[in-house]
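Scroll down for the structure; my scribbles are underneath it.
Nothing fancy with the numbering, it's 1 onward along the sequence.
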Amino acid sequence: MDEGETPRTIALVGAGTIGIGWAIVFACGGSEVRVFDQNPAMLERFAPAVRFRLEKLHEAGLASEPVDDIVARIRTTSSLDDAIAGADHVQENVTESLEVKKSLFAYLDANTPPHVTLASSTSTIPCSRFTADLAGRDRCLVVHPANPPYLLRVAEVVPSRFTSPEVTERVAALIRSMRMSPVVVQQEIEGFVFNRLQGALLREAYFLVGDGVVTPRDIDTIVRDGLGRRWSITGPFATAELNTRGGTAQHASVIGSVYARIGSDRGTADPWIPETIALIIDEMNELLPGEDWEEHVLRRELAMIRLEGLRQRGAVPSVILDKPAPARAATTQRT
């Protein structure tokens, strides 16, 4: 926040896991945060949960201010009207229920000034399904964070067809000012992008386990120790660009038909079409110019070496304890 700038006031509706994460993000970013939940037990657990996480962030050198200074910007309340009074932005974090969201957003629209942006943290429900009938629907949108948002610092900004472009830009700027990466989703689709990508991997993982190809433990090992480590340095498109000399064009020509056959086996044949491949090639050439391919590959490997060095020194602990796999009978295959 720039010197002399009026502090933003954020109202969080819902004090669960996502509410805790958003409170940390916004308070660390300099905003005043007001947190409402209709469940007294949730509010009682909220402050200790926030402080504990902030203390761990401070220990890791990830908090730029003393914990007490950050906590001082967060206040809980059992009154929704109190929480939204004077707010510049409202972030809803309640249950994934269409009817609950419809009722809540109708109340928010009727009880906040027109300049206040109204956002939902929903992970699956398009905004238009619960705000279409509101007079102020142009100030409503989805801001779906990865969980926990104070560590996975990306959020999907998903406007509906009637969301004002100015509102979309303003909310994306707010997210960016919190040192997060806003990704503006160009079409309103169920599940948005994060969960569709996650879901695609999970669908195949369920098939592979059900078919007796691999165990759940081994799926997690492949993603945690393989795909996840690589994708934490380069996403899937940049990975394809750097895995094959000749980049995306060569990768698509070699592996595209294989993935199409795999999709056909699952009943979801979606071959990569030339127009999409060309679009990806253009963007990869902009981000990773082909003439510097070997240099980009080396930079990726050096980054992975640094990451692996941290892991080997125990600086990146695992949640999963290193236990031997249990003996298993033959897995029942799908019929």
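Not counting sequence neighbours, the partners of Arg170 by the side chain to side chain donor-acceptor pair (under 3.5 Å) test are Glu166. Annotation: ring-ring contact (aromatic ring centres under 6.0 Å, His included) contacts of Trp272 (sequence neighbours excluded): Tyr259. In terms of the side chain to side chain donor-acceptor pair (under 3.5 Å) criterion, Thr244 has no residue partners (sequence neighbours excluded). Scanning for side chain to side chain contact (heavy atoms under 4.5 Å, CB included) contacts around Leu287 gives Glu283, Met284, with sequence neighbours left out.
In terms of heavy-atom proximity, Gly14 sits nearest to Val35 at O-CG1, 4.5 Å. Residues Ala155 and Val143 approach most closely at CB-CG1, 4.1 Å, considering heavy atoms. Minimum interatomic distance between Asn93 and Gly19 (heavy atoms only, all atoms of both residues): ND2-CA, 3.9 Å. Across every non-hydrogen atom of Leu134 and Ala106, the tightest pair is CD2-CA, 3.6 Å. The minimum heavy-atom distance between Leu54 and Cys28, with the atom names listed, is CD2-SG, 3.7 Å. Here the closest non-hydrogen pair linking Val142 and Ile125 is CG2-O, 3.9 Å.
Applying the side-chain hydrogen bond (donor to acceptor under 3.5 Å, both in side chains) test to pairs two or more places apart or on separate chains, those with a residue in residues 230-240 are Thr234-Thr239. Note on residues 38-85: no pairs pass ring-ring contact (aromatic ring centres under 6.0 Å, His included), not counting sequence neighbours. Within the structure, the side-chain hydrogen bond (donor to acceptor under 3.5 Å, both in side chains) test picks out the following pairs touching residues 41-52 (sequence neighbours left out): Arg51-Asp68. Here ring-ring contact (aromatic ring centres under 6.0 Å, His included) pairs that include residues 84-107, with residues two or more places apart or in two chains, are Phe105-Phe130. For residues 243-257, the salt bridge (Lys or Arg N to Asp or Glu O under 4.0 Å) pairs, not counting sequence neighbours, are Arg245-Glu294.
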>> With side-chain contact (heavy atoms from CB on, under 4.5 Å) as the criterion, how do Leu242 and Trp293 come out once you've worked through the C-alpha distance, each side chain's angles and the decisive distance to 0.1 Å?
In response: CA-CA 7 Å; Leu242 299 180; Trp293 184 82; 4.2 Å; yes

> Do Leu43 and Ser78 pass the side-chain contact (heavy atoms from CB on, under 4.5 Å) test, and can you show the C-alpha distance, the side-chain angles, and the key distance before you say yes or no?
Replying inline: CA-CA 8 Å; Leu43 288 180; Ser78 59; 4.2 Å; yes

>> Before you tell me yes or no, could you show the steps for Leu62 and Lys56 under side-chain contact (heavy atoms from CB on, under 4.5 Å), namely the whole-Å CA-CA distance, both residues' side-chain angles and the distance that decides it to 0.1 Å?
In response: CA-CA 9 Å; Leu62 297 175; Lys56 294 303 177 184; over 6 Å; no

> Can you list the steps and then say if Gln91 with Ser121 is a side-chain contact (heavy atoms from CB on, under 4.5 Å)?
Replying inline: CA-CA 7 Å; Gln91 187 73 35; Ser121 298; 2.9 Å; yes

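No donor-acceptor pair closer than 3.5 Å links the side chain of Arg73 to the backbone N or O of Gly29. Not a single donor-acceptor pair under 3.5 Å links the side chain of Asp211 to the backbone N or O of Val213. With hydrogens and angles disregarded, a donor-acceptor distance shorter than 3.5 Å links the side chain of Ser264 to the backbone of Ala260. Not one N or O on the side chain of Ser31 forms a donor-acceptor pair closer than 3.5 Å with the backbone of Val33. With Arg266 contributing its side chain and Ile262 its backbone, the two residues share no donor-acceptor pair below 3.5 Å. When atom types are taken as modelled, the side chain of Arg196 and the backbone of Gly191 share no donor-acceptor pair closer than 3.5 angstrom. Using modelled atom types, one side-chain atom of Thr163 and one backbone atom of Cys140 make a donor-acceptor pair closer than 3.5 Å.
Between Arg229 and Asp225 a salt bridge is recorded (basic side-chain N to carboxylate O distance below 4.0 Å).
Hydrophobic clustering places Val25 together with Val71 (ILVMFWY residues linked when any side-chain heavy atoms are closer than 4.5 Å, directly or through intermediates). Residues Leu98 and Val94 are members of one and the same hydrophobic cluster, defined by side-chain heavy-atom contacts under 4.5 angstrom among Ile, Leu, Val, Met, Phe, Trp and Tyr. Val254 and Val297 sit in two unconnected hydrophobic clusters of ILVMFWY residues. Membership requires side-chain heavy atoms under 4.5 Å apart, directly or through other members. Under the 4.5 Å side-chain contact rule for hydrophobic residues, Phe26 and Val157 share a cluster. There is no path of hydrophobic side-chain contacts, each under 4.5 Å, that joins Ile20 to Met42.
Judged purely by distance below 3.5 Å, without hydrogens or angles, the side chains of Glu190 and Thr124 never pair a donor atom with an acceptor atom. A donor and an acceptor atom, one from each side chain of Ser177 and Arg8, are located under 3.5 Å apart. For the residue pair Ser120/Glu92, the side-chain donor-acceptor check at 3.5 Å is satisfied.
Taken to the nearest 0.5 Å, the OG1 atom of Thr131 stands 9.0 Å off from the CG atom of Asp109. Between the CG atom in Asp133 and the NZ atom in Lys102 there is a gap of 7.0 Å [rounded to 0.5 Å]. Once rounded to the nearest 0.5 Å, the distance linking CD1 of Ile74 with CD1 of Ile24 reads 7.0 Å. Rounding to the nearest 0.5 Å gives a distance of 4.5 Å between OG1 of Thr112 and CG of Leu118. Taking CD1 from Ile70 and OG from Ser64, the interatomic distance works out to 6.0 Å, rounded to the nearest 0.5 Å. The distance from the CD1 atom of Ile277 to the CG atom of Asp282 is 12.0 Å, given to the nearest 0.5 Å.
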For residues 144-151, tabulate all N or O donor-acceptor pairs below 3.5 Å that involve a side-chain atom, not counting sequence neighbours.
| from | atom 1 | to | atom 2 | distance (Å) |
| --- | --- | --- | --- | --- |
| His144 | ND1 | Glu156 | OE1 | 2.7 |

List the atom pairs, donor and acceptor, that lie under 3.5 Å between side-chain atoms in residues 179-187 and the rest of the protein, sequence neighbours left out.
| from | atom 1 | to | atom 2 | distance (Å) |
| --- | --- | --- | --- | --- |
| Gln186 | NE2 | Val184 | O | 3.2 |

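Atom CD of Gln38 is surrounded by 12 or fewer heavy atoms from other residues, nucleotides or ligands within 6.0 Å. Remark: Phe237 CZ is loosely packed, at most 12 non-hydrogen atoms of other residues, nucleotides or ligands lying under 6.0 Å away.
Between Pro289 and His296, some side-chain heavy-atom pair lies under the 4.5 Å cut-off. Using a 4.5 Å heavy-atom cutoff, the side chains of Asp138 and Val167 are not in contact. Residues Leu174 and Asp88 are not in side-chain contact: their nearest non-hydrogen atoms beyond the backbone lie 4.5 Å or more apart. A heavy-atom distance below 4.5 Å is found between the side chains of Asn243 and Arg300. Looking at heavy atoms from C-beta onward, Asp82 lies in side-chain contact with Arg75 at the 4.5 angstrom threshold. Contact check for Arg139 versus His115: no side-chain heavy atoms found under the 4.5 Å cut-off.
Think of Ile222 as one node in a network of Ile, Leu, Val, Met, Phe, Trp and Tyr side chains linked at under 4.5 Å; it has no links at all.
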